[in-house]
Protein chains: 2
Amino acid sequence: MDDLTMQVWAVEALGALAHETRLSVFRMLVKAGPEGMIAGAIAEHQAVPPSTMSHHLAILERAGIVQSERESRLIHYRADYPAMRRLLMFLIQDCCQGVPEMCGDLIAALHCSPSQSQGA
Amino acid sequence: MDDLTMQVWAVEALGALAHETRLSVFRMLVKAGPEGMIAGAIAEHQAVPPSTMSHHLAILERAGIVQSERESRLIHYRADYPAMRRLLMFLIQDCCQGVPEMCGDLIAALHCSPSQSQGA
DNA sequence: TCCATATTTCGAAAATCATCGAATCGATTG
DNA sequence: CAATCGATTCGATGATTTTCGAAATATGGA
């Protein structure tokens, strides 16, 4: 994946997180762990109408930082940890290109685990 | 700074970066180092009209991730490294709250340098 | 003072985003 | 099959963002 493609994705991912409700939802999903949460529960916790929340969840999913899976009538949403790490990697590498003495050890740290695929 | 205030700021910072031109500008400023770049040069490099770029730079500055300083007729813009680290900190701590085994060592890594103030 | 330069602010048009009720879809149950 | 439940899609409205030329501001020099 070349730099430009990566940046285009980063813009979309950042945009998905750049919203009060959506950032709250993402944080909640991270805390919820691999189990994730059911759409209705997410909407209720955030006190947002289901249709509005569905819209926000779609944005997060399109940006590739959350995933959904249907289980009978319920739909589970969960944070995509590897994607989040890719985003952090992009931002940090970016940062360190110019100022390696500032956060140089972060790059190694982000390679901490080999779970590039969904580590559920 | 409590969590809610931090999140409100994070939303603004993420929103500032969630734009093709602005993310490019920020990356360019990071690479440019503490010297930063002059407004006109930024606009020219990105092939964007000065007034449009001025608007984007204002958004980045309001979000607190770039700083400006006037030097006679020129205005220097530079990336605010500590602010960027704070944003990364927020995102990573967020992430690790739920999944410490994924990127637990990142928190220590981000504390790598004590330059909480402007390290120009 | 008058002019040139660097940049910002203003203002208006176009585009995108956010919200949420109503209608629809998918799955389960009687 | 009809009813119900959980969730999404549609559609319309209002709000915000993006864009950029024209005008304004600030600085330095002749």
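Worth knowing before you read on, the calculation uses all heavy atoms, side chains too, and leaves out hydrogens, waters and symmetry mates. So you know, we letter chains A, B, ... as the sequences are listed, proteins then strands, and number each from 1.
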| message | Nearest 0.5 Å, please: how far is CD in B:E20 from CD in B:Q46? | response | 10.0 Å
| Flag, side chain of A:Y77 to backbone of A:L60, donor-acceptor distance under 3.5 Å | no
| said: Please find the pair of heavy atoms, one from B:M53 and one from B:V48, that lie closest to each other, and give the distance. | reply: N-CG1, 3.7 Å
| said: Expressed as a whole number of angstroms, how long is the span from B:L23:CG to D:dT18:P? | reply: 13 Å
| query | With a 4.5 Å limit on heavy-atom distance, are the side chains of B:I75 and B:E69 in contact? | reply | no
| Donor-acceptor pair, B:R62 side chain versus B:E12 backbone, under 3.5 Å? | no
| Can you find a pair of side-chain heavy atoms, one from B:T5 and one from B:W9, that are under 4.5 Å apart? | no
| message | What is the separation between atom CD1 on B:I42 and atom C1' on C:dT8, rounded to the nearest whole Å? | response | 14 Å
| request: Considering just the side-chain nitrogens and oxygens of B:H19, establish if one lies under 4.0 Å of OP1 or OP2 belonging to D:dT19. | output: yes
| field | Cationic N near anionic O, under 4.0 Å, B:R27 to A:D3 | value | yes
| request: Round to a whole Å and report the spacing from CD1 of B:I75 to C1' of C:dT9. | output: 12 Å
| Spacing between A:L14 atom CG and C:dC17 atom P, to the nearest angstrom | 14 Å
| remark: Each nucleotide of nucleotides 24-30 of chain C classed B (base within 4.0 Å of a protein heavy atom), S (only sugar-phosphate) or -, in 5' to 3' order, makes --BBS--
| query | With respect to the phosphate group of C:dT8, does any side-chain polar atom (N or O) of B:Y77 fall under 4.0 Å of OP1 or OP2? | reply | yes
| message | With the threshold set at under 4.0 Å for non-hydrogen atoms, list the residues of residues 47-61 of chain A touching DNA chain C in residue-number order. | response | A:P49, A:S51, A:T52, A:H55, A:H56, A:I59
| request: To the nearest Å, give me how far apart NE2 (B:H76) and P (C:dA6) are. | output: 13 Å
| task | Write down the distance between CD (B:E44) and C1' (D:dC20), rounded to a whole number of angstrom. | result | 17 Å
| said: Within the 4.5 Å heavy-atom criterion, are A:I42 and A:L29 side-chain neighbours or not? | reply: yes
| task | May I have the distance from A:Q46 (atom CD) to C:dC20 (atom C1'), rounded to whole angstrom? | result | 17 Å
| task | Any chance you could measure B:I92, atom CD1, to A:L88, atom CG, to the nearest 0.5 Å? | result | 5.0 Å
